[in-house]
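Written below as structure tokens is the structure these notes are about.
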Amino acid sequence: MKPLEGIRVLEVAMYGFVPSAGAVLADWGAEVIKVEHAVKGDPQRGLRQTGTMKVEGDPNPNVEHANRGKRSLGLDVASPEGKEVLDELVRRADVFLTNFLPAARRRLGIDVEDVRALNPKVIYARGSALGPRGAESERGGFDMTAFWCRASTAASITPPTIDGLIGPPGPAYGDTISGTNLAGGISAALFKRERTGEPSVVDVSLLGSGLWAMGHLIGLSQHLGEPGVAPVPGSHGSPNNPLSGLYRTSDGRFLSLVMLQPGRYWADVVQHIGRPELVDDPRFATAELIAANTEQAVEILREAIAERSLAEWTERFATLSGPWAPVQDSLQVGEDPQIRANEYILPAGELELVANPVQFDVTAPELGPAPEFAAQTEEVLLELGLDWERIIALKEAGAVT
């Protein structure tokens, strides 16, 4: 049995952030009904190009990533007939999940008080750009603005020598992280309700998630009174540890060493790179001397590692005791045997998608495809007890698709 099997989630949301929370809940076994605009659907369905990547036809990963495993209902929640259907869905839900702005929630009658009047025990979960309090709580935003820029990642990752700003590494980067946070909060609220009978209002914002992702550096900055500054491009990394940094291979790839105790790993590393004479080199006899002679050690390692390809180093470093990793792009990760062994990328209909990072009982989730727009409208309405005459009337009124 999946952890959230039997839990009903009603998702009135769009784009990437909050729908990705619904996707995680679906991965964990919840039944998720996605309510979409009766005519337009979720605007995310129109996203075909991100950066240089363009998707022709379906399936569209821009939609599938945050919507796998759900059912779709095309519903005009602004119409009286559509609102009646939505209200009945609310009465049956364990979780009401939304990212509509406060003004829209009030206008549509789906704010906390409205939903709780229909279902006092529902978990009300909302995702926002900037949080539920403060002068800007009514404003919207995206992961680029609230998560990446405002929460300090952009400034912290952009070296001072660059003219411009480094952007997020991919679409929905902050959305996906924030959505997982929201799914975790919902799960905790369900646990509290199970124990106490009391429902919660769960809030997660892109801004709060971005701050949490940068929490270690922000803590240092607030304590020391100075911002974090990105290293100059091409620099090794650590100024006092040659075994913590990036090294280029002969085929133009990189590998990352992260051995925070250089004295412990130095002998093993130099033997693996074919330089056993460095084990007894007096310049590197202790951790303190290694730190003092970091520049010389880095040059030695750069020269040695540049002699072989990443594939060769991967084979040689299979027995290396310290932590290291190949630097991989978003295509190369699909060929990583460790990723495949743990089923971190899984089939979802016609696509392969990344699973959410949580596994229960050493078992990967089963990923279903995202629904076509309004594909389950009739199915959901029949489950609510509506007869065909009523369903046809709703369709003719434009309340459902």
Q49 atom CD: more than 12 heavy-atom contacts under 6.0 Å: yes

Over all atoms of both residues, closest heavy-atom pair of G368 and A348: O-CB, 4.0 Å

Pairing of K83 and D87 as salt bridge, 4.0 angstrom limit: yes

S72-Q376 side chain donor-acceptor pair, cut-off 3.5 Å: no

Pair Y15 and F142, ring centroids less than 6.0 Å apart: yes

Sub-4.5 Å side-chain heavy-atom contact between T249 and E307: no

Side chain to side chain, V12 and N99, heavy atoms closer than 4.5 Å: no

Salt-bridge present (R71, E379; N to O < 4.0 Å): yes

Flag if over 12 foreign heavy atoms under 6.0 Å of NZ, K40: no

Rounded distance [0.5 Å steps], CG in N293 versus CD1 in I290: 9.0 Å

L10 side, atom CG; E31 side, atom CD - distance, nearest 0.5 Å: 10.0 Å

Over 12 foreign heavy atoms within 6.0 Å of CD, E366: no

More than 12 heavy atoms from other groups under 6.0 Å of CD on E5: yes

Side-chain donor-acceptor contact under 3.5 Å, Q44 with N62: no

Salt-bridge contact E88-R92 (side-chain N to carboxylate O under 4.0 Å): yes

Electrostatic pair E136-R150, nearest N-O below 4.0 angstrom: yes

NZ/NE/NH1/NH2 to OD/OE distance under 4.0 Å, R126 and D203: yes

T363 side chain to D361 side chain, donor-acceptor N/O pair below 3.5 angstrom: no

NZ/NE/NH1/NH2 to OD/OE distance under 4.0 Å, R302 and E299: yes

Heavy-atom closest pair, residues A297 and F284: CB-CE2, 3.7 Å

Validation row: P132, S137 side chains within 4.5 angstrom (heavy atoms): no

Under 3.5 Å donor-acceptor, S256 side chain and A325 backbone: no

K2 side, atom NZ; I7 side, atom CD1 - distance, nearest 0.5 Å: 14.0 Å

Carboxylate-amine/guanidinium contact R68 D27, below 4.0 Å: yes

L310 side chain reached by L255 side chain, heavy atoms, under 4.5 Å: yes

Main-chain N/O of R308 paired to S250 side chain as donor or acceptor, under 3.5 Å: yes

Neighbour count above 12 (heavy atom, 6.0 Å) for E372 CD: no

Heavy-atom neighbours of R139 CZ exceed 12 at 6.0 Å: no

Distance-only polar pair, side chains of D175 and S20, donor-acceptor under 3.5 Å: no

Non-hydrogen side-chain atoms of H272 and D268 separated by less than 4.5 Å: yes

Reported CD-to-CG distance for the pair E383 and L73, which is rounded to 0.5 angstrom: 10.5 Å

Heavy-atom check, side chain of L75 versus side chain of L394, under 4.5 Å: no

Under 3.5 Å donor-acceptor, N67 side chain and A370 backbone: no

Shortest non-hydrogen contact from A146 toward L130: CB-CD2, 4.0 Å

E315 atom CD, over 12 foreign heavy atoms within 6.0 Å: no

Taking every non-hydrogen atom, the tightest pair across G334 and R340: O-NE, 2.8 Å

Sidechain-backbone polar pair: S200 side chain, A189 backbone, donor-acceptor under 3.5 Å: no

Side chain proximity check, I218 to S152, heavy atoms < 4.5 angstrom: yes

Spatial distance of atom CG (N119) from atom CG (D114) [nearest 0.5 Å]: 13.0 Å

Side chains of D58 and N60, donor plus acceptor under 3.5 Å: no

Donor-acceptor pair, side chain of W148 and main chain of G210, under 3.5 angstrom: no

Donor + acceptor pair across side chains of S238, N240 (<3.5 Å): yes

Short side-chain to backbone donor-acceptor contact, S221 and E226, under 3.5 Å: yes

Lys/Arg-Asp/Glu bridge criterion (N-O < 4.0 Å) met for E36, R45: yes

Pair K121-E198, salt bridge (charged side-chain N to carboxylate O under 4.0 Å, His left out): steps then yes or no: CA-CA 7 Å; K121 294 297 185 181; E198 297 178 5; over 6 Å; no

Cationic N near anionic O, under 4.0 Å, E277 to R275: yes

Interatomic spacing from NZ in K70 to NZ in K34 - rounded to 0.5 Å: 4.5 Å

Test item: S209 side-chain N/O and L206 main-chain N/O as donor-acceptor pair under 3.5 Å: no

Atom CD of E295 with >12 non-hydrogen neighbours under 6.0 angstrom: no

Short side-chain to backbone donor-acceptor contact, S156 and G228, under 3.5 Å: no

Side-chain (D94) to main-chain (R8) donor-acceptor, under 3.5 angstrom: yes

Side-chain heavy-atom pair I305, R248 within 4.5 angstrom cut-off: no

